[in-house]
Amino acid sequence: MPSVLLDRLRRILPLANKVADEIVCEETEILEKIIPRMFEVMGRVAKFSCDYVRRGKLLCSGFD
């Protein structure tokens, strides 16, 4: 019985590796598109935050 299972496993594993490689390639392609966009959004958020803090300092400086 174990030898039969081992034979079946040997036949299935190459297919599993191929499927896993295809999935990884597809996910990598998606990430290649998403990551630059994500950095762009983070940069815009950081710029907005910095501008907001600068404006807040200017508005509050008149009350000192």
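This one's a predicted model, so the numbers in the text were calculated from it and none came from an experiment.
A salt bridge links D51 to K47: at least one charged side-chain nitrogen sits closer than 4.0 Å to a carboxylate oxygen.
Here L31 contributes atom CG and M38 contributes atom CE; the two are 8.5 Å apart, rounded to the nearest 0.5 Å.
The closest side-chain heavy-atom distance from E27 to I30 is below 4.5 Å. Residues C50 and R54 are in side-chain contact: their nearest non-hydrogen atoms beyond the backbone lie under 4.5 Å apart.
Transitive grouping of hydrophobic side chains (ILVMFWY, heavy atoms separated by less than 4.5 Å) keeps M42 and F48 in distinct clusters.
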